[in-house]
Amino acid sequence: LQPASKTRSMTRVACLVLAFIGAALADNMNGDNYILANPNPNSKTPYSLTFTDEYFDVYSPPITTRYSEVFWTMMDEVPLPKEIVERFNNKVMAITGYEQDQVFKTENGDVGVPITWQYNHHYEAYMVGAYSSVETFKVKPGDIKRDGHAVYFRNDLVGLKNDPRANSSIPAGQFFSEANGGESRHSAHGPYPPSMVQLIDSPTGFKLQPMQIDTRNRDYNGSDFRPGPLPRNARSPPNASYSGLLECPCTTRINKTIEVQYNTLTSGTCPTLLRTAEECFQGAATLGQDIISNATITDKTQPRGCFVMSKGTSFTAIFNNATDDGATCGSSTHVAGTTKSLVELTVDLEATSKLATITMTGPATVWYGVGFDATVMSDLPYAIIVDGTGTVTERRLGDHDAGRLLATTVKVVNNSVTSGVRTVVMTRAMAGASKDYYSFNIETGTNINLINAYGSTANFSYHKERTATSLSLLAVDAPTCVCDGGATGSINGLKFQKNCLPEPQGDLLREHNPTCDIRDYQGGLHCCHHQWFLLDADQEIPEPEMTYYMKFRFYFQEYKPDYHQNLVRFYWQTEAHAGEYDVVKCSADTPSSQCVQEISAHFTVADMLRDCNTRTGTSCTGTRKNGINLIYVSGHCHAPSCISMELYNADTGDLICEVTPTLGKGTGGRFDEKDYIALAPCLFGSEEDGLIQPQFLSYDTNLMSVKRNNNTNDHLGEMASWQMRGVMV
């Protein structure tokens with residue numbers, strides 16, 4: 001605990017004494033390094049970014065790594081200084097900002113660890129109160145309203161059952177993760193404008209989840225940077241001023257498994273084309289049909305990309321190299337398809353008669369059945385069941401139970417048994433009799449997810465075996481397009497999951513950014529997990545280990561209920577919602593001055609809200625009023641390609657905030673490592689305090705984010721996050 005002024009209005013004599021003792025009033029922990037992105041040009045007195053409040057320091061547990069090692073895990077909780085815990089027991093602390101560094105602890109005090117030795121990819125820091133704890137939750141695709149760095153699991157503060165003030169809106173814990181990467185040491189995290197603070201009830205501890213990458217060349221001891229060994233997939237050019245490891249390149253230590261999904265289309269055109277003849281023929285082979293031949297053509301009168309054509313009951317797979325848009329898919333009134341799983345199912349649809357012919361084949365003496373438009377029983381699908389006597393029933397299945405028997409709408413036209421196998425042919429209207437029945441659709445329903453099973457008894461009961469499958473319906477006597485439905489898979493056994501949004505929400509899908517598809521993924525968070533090494537399998541990991549600490553300094557005031565306002569967190573990604581993206585190298589004939597990659601995102605203020613109690617969740621924005629005022633607006637991007645981030649009110653065209661990185665010059669000065677960045681935030685408040693007034697943003701306000709990068713070279717795992725704090729008004 002370091003003493004400093006107890007209020008901003010202390011006498012000059014007292015200030016001098018405390019400054020001598022704690023040196024807090026003379027300078028910030030990180031020196032006079034901070035600037036604003038939006039200084040008020042009309043202010044006679046610029047807003048001061050020098051902290052003057054009381055403060056205390058907190059260190060993480062020791063971090064020990066070897067070269068190329070990733071350190072990314074939730075660390076053990078560290079108690080806050082005893083004096084702080086006792087002073088704020090059952091009281092509220094008002095945090096006015098913080099500073100962050102990474103240091104060696106020495107006999108002569110803290111010594112900074114260069115960012116070229118240990119790259120701070122990002123951190124998530126938590127201050128825990130007496131009535132909160134940090135818990136881990138599984139990430140759902142698209143759940144990015146608090147932070148976008150989580151890949152499989154995220155952490156959040158939760159309230160404890162013994163909370164005596166559970167209905168209070170005062171947070172029981174706090175979260176700190178703004179400008180939270182390599183830019184953090186040189187970027188302002190306050191002081192917030194007067195009265196604007198992060199509140200916490202009864203603070204007791206500190207928890208940190210850093211993501212650090214060891215980039216220190218063990219064979220070089222000079223003061224400047226020289227890269228150590230790199231994997232073959234690193235994208236940094238020769239003699240780069242940064243280590244290619246900081247972009248998390250996938251290495252030969254990575255085992256990637258890929259499962260490609262294919263969709264069929266009998267009208268319109270494929271949203272995403274298969275790119276090669278090899279992909280086309282592989283995809284056609286998965287459709288469950290009899291593909292008798294493959295062909296490659298260049299024909300503007302046929303659909304582009306991949307399609308199949310029927311020849312009686314057989315099909316030919318065709319890849320069309322034509323570059324211009326040709327014919328549309330299908331144009332047929334007749335589609336059919338077969339899938340062979342535990343149950344063999346054939347569906348034949350005639351648009352003219354609006355009739356579906358369904359053929360099901362399974363064991364003759366026990367029940368079997370198929371559920372439509374489902375991957376699990378909890379989808380509660382419509383199902384057709386054939387029992388061991390050949391009786392056909394229709395049901396609405398329950399969640400792991402038999403569900404409800406439905407009125408019969410199918411007409412059995414043939415029921416035969418051959419060699420212990422029963423085949424039932426039935427017809428019914430394509431349109432379901434009610435919402436309980438599945439409706440077939442020739443134009444939009446040509447890819448049907450199915451569950452199928454059979455039992456051990458004649459009567460319908462618990463299944464003996466069950467599985468999921470799918471059915472593709474193909475046009476008869478017309479081209480059926482085979483489209484790229486994306487790919488799933490895993491990296492080192494961990495599921496690859498992305499949620500790249502379409503236009504206008506984001507650009508990555510339209511631009512086919514490699515980060516969205518595991519087939520193209522070359523580096524980033526999915527190749528960069530805790531204790532993974534970023535060298536190839538045939539490269540020796542250099543010794544020795546390095547041990548250091550993450551350091552945080554928190555500034556605070558005594559809470560005044562009629563004065564202080566709690567700042568809630570607002571978050572969005574320009575790379576919506578991928579969490580990262582690749583900067584793709586410009587073409588060789590592009591002048592270097594024009595090598596700029598731009599992405600954009602469109603969203604609303606309401607998209608950033610999370611309607612829950614601010615006491616029990618760090619991403620909760622609390623009770624809705626009329627809109628928000630943004631007070632602190634910070635970007636997050638990585639060295640060395642980040643050029644700018646811009647946030648606009650899309651309804652008015654007004655620029656809310658522009659963040660332009662300041663690049664280090666490599667002078668040897670503090671935090672001046674060459675080409676590593678500092679990000680100045682935008683700060684809004686009273687003009688009397690030297691700030692620009694915040695814009696009121698209603699919940700339906702449309703926002704637009706624009707991010708630019710230098711793409712003279714490729715870069716992996718870049719980010720474009722807005723990490724903001726504000727108030728509901």
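All values derive from a computational prediction rather than experimental measurement.
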Sequence neighbours left out, what passes side chain to side chain contact (heavy atoms under 4.5 Å, CB included) with Asp675? Give chain and number order. Ser241, Pro640, Leu663

Quick one: which residue pairs count as a salt bridge (Lys or Arg N to Asp or Glu O under 4.0 Å) with a foot in residues 631-646, not counting sequence neighbours? Glu646-Arg708

Can you run down the ring-ring contact (aromatic ring centres under 6.0 Å, His included) pairs that involve residues 583-603, sequence neighbours left out, and say none if there aren't any? Trp572-Phe603

Could you pull out all residues at least two apart from Ala720 that satisfy side chain to side chain contact (heavy atoms under 4.5 Å, CB included)? Thr574, Glu575, Tyr581, Met645, Lys707

Set of residues satisfying ring pair (Phe, Tyr, Trp, His ring centres under 6.0 Å) with respect to Trp117, sequence neighbours excluded: none

Hey, could you give me each pair passing salt bridge (Lys or Arg N to Asp or Glu O under 4.0 Å) that has a residue in residues 585-596? Not counting sequence neighbours. none

Under 3.5 Å donor-acceptor pairs involving side-chain atoms of residues 231-238, not counting sequence neighbours:
residue: Arg232; atom: NH1; partner: Asp536; partner atom: OD2; Å: 2.6
residue: Arg232; atom: NH1; partner: Asp538; partner atom: OD1; Å: 3.2
residue: Arg232; atom: NH2; partner: Asp538; partner atom: OD1; Å: 3.3
residue: Arg232; atom: NH2; partner: Asp538; partner atom: OD2; Å: 2.4
residue: Asn233; atom: OD1; partner: Arg235; partner atom: NE; Å: 3.4
residue: Asn233; atom: OD1; partner: Arg235; partner atom: NH2; Å: 3.1
residue: Asn233; atom: ND2; partner: Cys250; partner atom: O; Å: 3.2
residue: Asn233; atom: ND2; partner: Gln522; partner atom: O; Å: 2.8
residue: Arg235; atom: NE; partner: Asn233; partner atom: O; Å: 3.1
residue: Ser236; atom: OG; partner: Gly244; partner atom: N; Å: 3.4

List for me each residue that meets salt bridge (charged side-chain N to carboxylate O under 4.0 Å, His left out) alongside Asp324, sequence neighbours excluded, and say none if there are none. Lys300

Aromatic contact between His638 and His121, with the criterion being ring centroids under 6.0 Å apart: yes or no? yes

Can you name the ring pair (Phe, Tyr, Trp, His ring centres under 6.0 Å) partners of Phe225, sequence neighbours left out? none

Go through the steps to decide whether Arg569 and Met724 satisfy the test side chain to side chain contact (heavy atoms under 4.5 Å, CB included), and finish with yes or no. CA-CA 6 Å; Arg569 181 176 169 86; Met724 303 174 285; over 6 Å; no

Name all residues meeting the ring pair (Phe, Tyr, Trp, His ring centres under 6.0 Å) criterion together with Phe71; count only those two or more places apart in sequence or in a different chain, and write none if there are none. His530

Partners meeting ring pair (Phe, Tyr, Trp, His ring centres under 6.0 Å) with Tyr521 (sequence neighbours left out): Phe496, His526

With sequence neighbours excluded, tell me which residues meet side chain to side chain donor-acceptor pair (under 3.5 Å) with Asp654. Thr652

So, Arg185 and Glu673, do they make that salt bridge, N to O below 4.0 Å? yes

